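Remember, predicted model here, so these are calculated numbers, not experimental data. Just so it is clear, the values below take in all heavy atoms, side chains as well, and ignore hydrogens, waters and symmetry mates. Numbers for residues simply follow the sequence, beginning at 1.
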Amino acid sequence: MNGNRGTFLLAVTGGGSFLDKAPAPLYTGAMARVELRDICKIYAGGVTAVDNVTIDIEERDFVVFVGPSGCGKTAILRMIAGLEDISSGELFIDGEKMNDRAPKDRNIAMIFQNSALYPHMSVYENMAFGLKLKKVPRAEIDRRIRETAKLLDIEKFLDRKPRALSGGQRQRAAIGRAVVRDPKVFLFDEPLSGLDAKLRVQMRAELSELHRRLEATIIYVTHDQMEAMTMATKIVVMKDGRVQQTGSPLHLYNHPVNKFVAGFIGSPPINFLTLKPADKDGPVLAGERFELRPAAAHREALKKYGGRDLFAGIRPEDLSYAGEIDAPPGDACIPAEVSVVEPMGADIYLWLSAGNQPLRARTDNRRSFKAGDTVNFTVNMEKVRYFDRETELSILPEDL
């Protein structure tokens, strides 16, 4: 595939196709492996933003750093770009140490949240600027710009100034400015956060397709776990400057290493119940009006926690409507009252009150619900995750 890559037309309005190809080659396939070794960032006053982060980012990876505000993800991106000094640790790009290299010598391109286009230049001039500094021949500059503009469907905007573009058009121009440089690594710093909801969904698909076509190494920062789940080949979940877990989107979803990751990945967020010791048969998930036994496959792993409180995580989609509350309750059943109904089209999100326990459920729209309804929900006990109450670490083996 490396020998016959071509340009492609990215559909950004109705009527186009992601797979429309243009004949001339655009991107040479430069890509890089990025290695972070015990990277730390300590600001003045002793504030630690990044604490001993070690990560390998392979060629062609689409790695998304995700976490709450202040977790250190943007600081890592800026250190890779050379915009922040590394307090300690080592950064390698393609095996070369980059700690003391200037940003212009790292062969990376960074796309910011606000697009960072020069306001006094046209889109064409913005895209040409970096190439002119490298003294690329004028004909080659023109070829790259026009083919990249076709790639991103911004050909008709090349003569416009940034102020005459919409938010989405400005971001495409910023991406185009990065693509024409043919960098080894693309860095994205929350590029979609300023766009409306519909455009964000569209741009997610476009960025995923861009990655697939260019076979580029992309490092992307966001606080939006939906962006991470839908685009990443690998997710890095961060909290308080430290990496909590790294893995594919589905691996993190199905096998969170701790309570924080379980709560951060998934939408709507996971429900947490307290698992209390019960009788000789082991612990139960107990509430005012329900008592649930762990699945048989989980009981062996839970035995050593006898007498201790645990957290049990139940994802909203693992709660299934089981009938009105006056119907005979089945196994693993929770009786609850509907507090809030959130219609989401094909799905309905429900806020439930099970005695003193708030829950969220995700169900389809085949049945209508209203606040005040009393219903039964069955729990898929095979999907429940368990976490130590003190350490908040998962206590189930990954094969369960």
Quiz item: Is there a donor-acceptor contact under 3.5 Å from the side chain of R293 to the main chain of A332?
Solution: no

Quiz item: What pairs with K41 under salt bridge (Lys or Arg N to Asp or Glu O under 4.0 Å), at least two apart in sequence or on another chain?
Solution: E84

Quiz item: Does the pair R212 and E209 meet the rule for a salt bridge (Lys or Arg N to Asp or Glu O under 4.0 Å), with working shown?
Solution: CA-CA 5 Å; R212 188 181 74 83; E209 183 64 16; 2.8 Å; yes

Quiz item: Does the pair E90/K97 count as a salt bridge with the N-to-O cut at 4.0 Å?
Solution: yes

Quiz item: What residues, two or more places apart in sequence or in another chain, satisfy salt bridge (Lys or Arg N to Asp or Glu O under 4.0 Å) together with R204?
Solution: none

Self-check item: Listed partners of R242 passing salt bridge (Lys or Arg N to Asp or Glu O under 4.0 Å), at least two apart
Solution: D51

Quiz item: Is the count of non-hydrogen atoms from other residues, nucleotides or ligands lying under 6.0 Å from D159 atom CG greater than 12?
Solution: no

Quiz item: Under a 4.5 Å cut-off applied to non-hydrogen side-chain atoms, are P162 and V123 in contact?
Solution: no

Self-check item: Heavy-atom donor-acceptor pair, R181 side chain to L131 backbone, under 3.5 Å
Solution: no

Quiz item: Below 4.0 angstrom, N of the basic side chain to O of the carboxylate: do R172 and E206 qualify?
Solution: yes

Self-check item: L165 vs F157, side-chain contact (heavy atoms from CB on, under 4.5 Å): CA-CA, chis, key distance, verdict
Solution: CA-CA 8 Å; L165 303 177; F157 307 129; 3.7 Å; yes

Exercise. Would you please name every residue forming a side-chain hydrogen bond (donor to acceptor under 3.5 Å, both in side chains) with D38, sequence neighbours left out?
Key: T54

Quiz prompt | Partner set under side-chain contact (heavy atoms from CB on, under 4.5 Å) for S69, not counting sequence neighbours | solution = none

Residues 132-141, side-chain donor-acceptor partners within the protein, below 3.5 Å, at least two apart:
{"from": "E140", "atom 1": "OE1", "to": "R143", "atom 2": "NE", "distance (Å)": "3.2"}
{"from": "E140", "atom 1": "OE2", "to": "R143", "atom 2": "NH2", "distance (Å)": "3.1"}
{"from": "E140", "atom 1": "OE2", "to": "R144", "atom 2": "NE", "distance (Å)": "3.0"}

Quiz prompt | Note, F369 side chain near T363 side chain (heavy atom, < 4.5 Å) | solution = yes

Quiz item: Is the closest side-chain heavy-atom distance between M203 and R200 below 4.5 Å?
Solution: no

Quiz item: Between N254 (side chain) and H251 (backbone), is there a donor-acceptor pair under 3.5 Å?
Solution: no

Exercise. Determine yes or no for a side-chain-to-main-chain donor-acceptor pair under 3.5 angstrom, with S353 supplying the side chain and G355 the backbone.
Key: yes

Quiz item: In terms of side-chain heavy atoms, does Y321 have a donor or acceptor partner in R367 at a distance below 3.5 Å?
Solution: yes

Quiz prompt | M238 side chain near I76 side chain, heavy-atom distance below 4.5 Å | solution = yes

Exercise. Apply side-chain contact (heavy atoms from CB on, under 4.5 Å) to L36 and I80, showing your working.
Key: CA-CA 9 Å; L36 289 76; I80 295 172; 4.3 Å; yes

Exercise. Find out whether L359 and I334 are in side-chain contact, i.e. whether some heavy atom of one side chain is under 4.5 Å from a heavy atom of the other.
Key: yes

Exercise. Could you walk me through whether T222 and E190 pass the side chain to side chain donor-acceptor pair (under 3.5 Å) test, one step at a time?
Key: CA-CA 5 Å; T222 182; E190 303 203 45; 4.8 Å; no

Self-check item: Between T374 and E337: side-chain donor-acceptor atoms closer than 3.5 Å
Solution: no

Practice problem: Indicate yes or no: does R362 engage E342 in a salt bridge with an N to O separation below 4.0 Å. | Solution: no

Quiz item: Do you know the tightest heavy-atom contact between P316 and I270?
Solution: CD-CA, 4.1 Å

Self-check item: Side-chain donor-acceptor pair present, D142, Y124, cut-off under 3.5 Å
Solution: yes

Give every donor-acceptor pair under 3.5 Å between a side-chain atom in residues 257-269 and any protein atom, sequence neighbours left out.
{"from": "N258", "atom 1": "OD1", "to": "F260", "atom 2": "N", "distance (Å)": "3.2"}
{"from": "N258", "atom 1": "OD1", "to": "V261", "atom 2": "N", "distance (Å)": "2.9"}
{"from": "N258", "atom 1": "ND2", "to": "Q244", "atom 2": "OE1", "distance (Å)": "3.0"}

Exercise. Provide the full list of ring pair (Phe, Tyr, Trp, His ring centres under 6.0 Å) pairs with a residue in residues 37-67, sequence neighbours left out, each pair given once.
Key: F62-H211, F62-Y220

Quiz prompt | Test salt bridge (Lys or Arg N to Asp or Glu O under 4.0 Å) applied to E125 - qualifying residues, sequence neighbours left out | solution = none

Quiz prompt | Residue pair V63, I218: steps toward the side-chain contact (heavy atoms from CB on, under 4.5 Å) verdict | solution = CA-CA 6 Å; V63 174; I218 293 179; over 6 Å; no

Quiz item: side-chain contact (heavy atoms from CB on, under 4.5 Å) with A174: which residues, sequence neighbours excluded?
Solution: I111, S115, L117, Q171

Self-check item: Note: E58-K234 ion pair, threshold 4.0 Å (strictly below)
Solution: no

Quiz prompt | side-chain contact (heavy atoms from CB on, under 4.5 Å) involving L83 - partner list, sequence neighbours excluded | solution = R78, A81, P103, M110, F112

Quiz item: Would you call R315 and D318 a salt bridge, using N to O less than 4.0 angstrom?
Solution: no

Quiz item: For the side chain of R385 and the backbone of S394, is there at least one donor-acceptor N/O pair under 3.5 Å apart?
Solution: no

Self-check item: Flag, side chain of D388 to backbone of E390, donor-acceptor distance under 3.5 Å
Solution: yes

Quiz item: Quick one: does T274's side chain have a donor or acceptor within less than 3.5 Å of a partner on F311's backbone?
Solution: no

Quiz item: Taking side chain as C-beta onward, heavy atoms only, is L91 less than 4.5 Å from I86?
Solution: yes

Self-check item: CA sep, side-chain torsions, deciding dist, call: T378, L319, side-chain contact (heavy atoms from CB on, under 4.5 Å)
Solution: CA-CA 6 Å; T378 301; L319 287 165; over 6 Å; no

Quiz item: Does N99 use its side chain to pair, donor to acceptor, with the backbone of G89 at less than 3.5 Å?
Solution: yes

Quiz prompt | Considering all heavy atoms, the nearest V50-I39 contact | solution = CG1-O, 3.5 Å

Quiz item: Strictly by modelled atom types, are S193 and Q113 linked by a side-chain donor-acceptor pair under 3.5 Å?
Solution: yes

Quiz item: Any side-chain heavy atom of I314 within less than 4.5 Å of one from F272?
Solution: no

Quiz item: Would K198 and D196 satisfy salt bridge (Lys or Arg N to Asp or Glu O under 4.0 Å), going step by step from the backbone distance to the final call?
Solution: CA-CA 6 Å; K198 182 179 179 180; D196 62 65; over 6 Å; no

Quiz item: Distance-only, no hydrogens or angles: does the T217 side chain make a donor-acceptor pair with backbone N or O of A32 under 3.5 Å?
Solution: yes

Quiz prompt | Those residues that, when tested against E35, pass side-chain contact (heavy atoms from CB on, under 4.5 Å) (two or more places apart) | solution = R33, R37, D56, F92

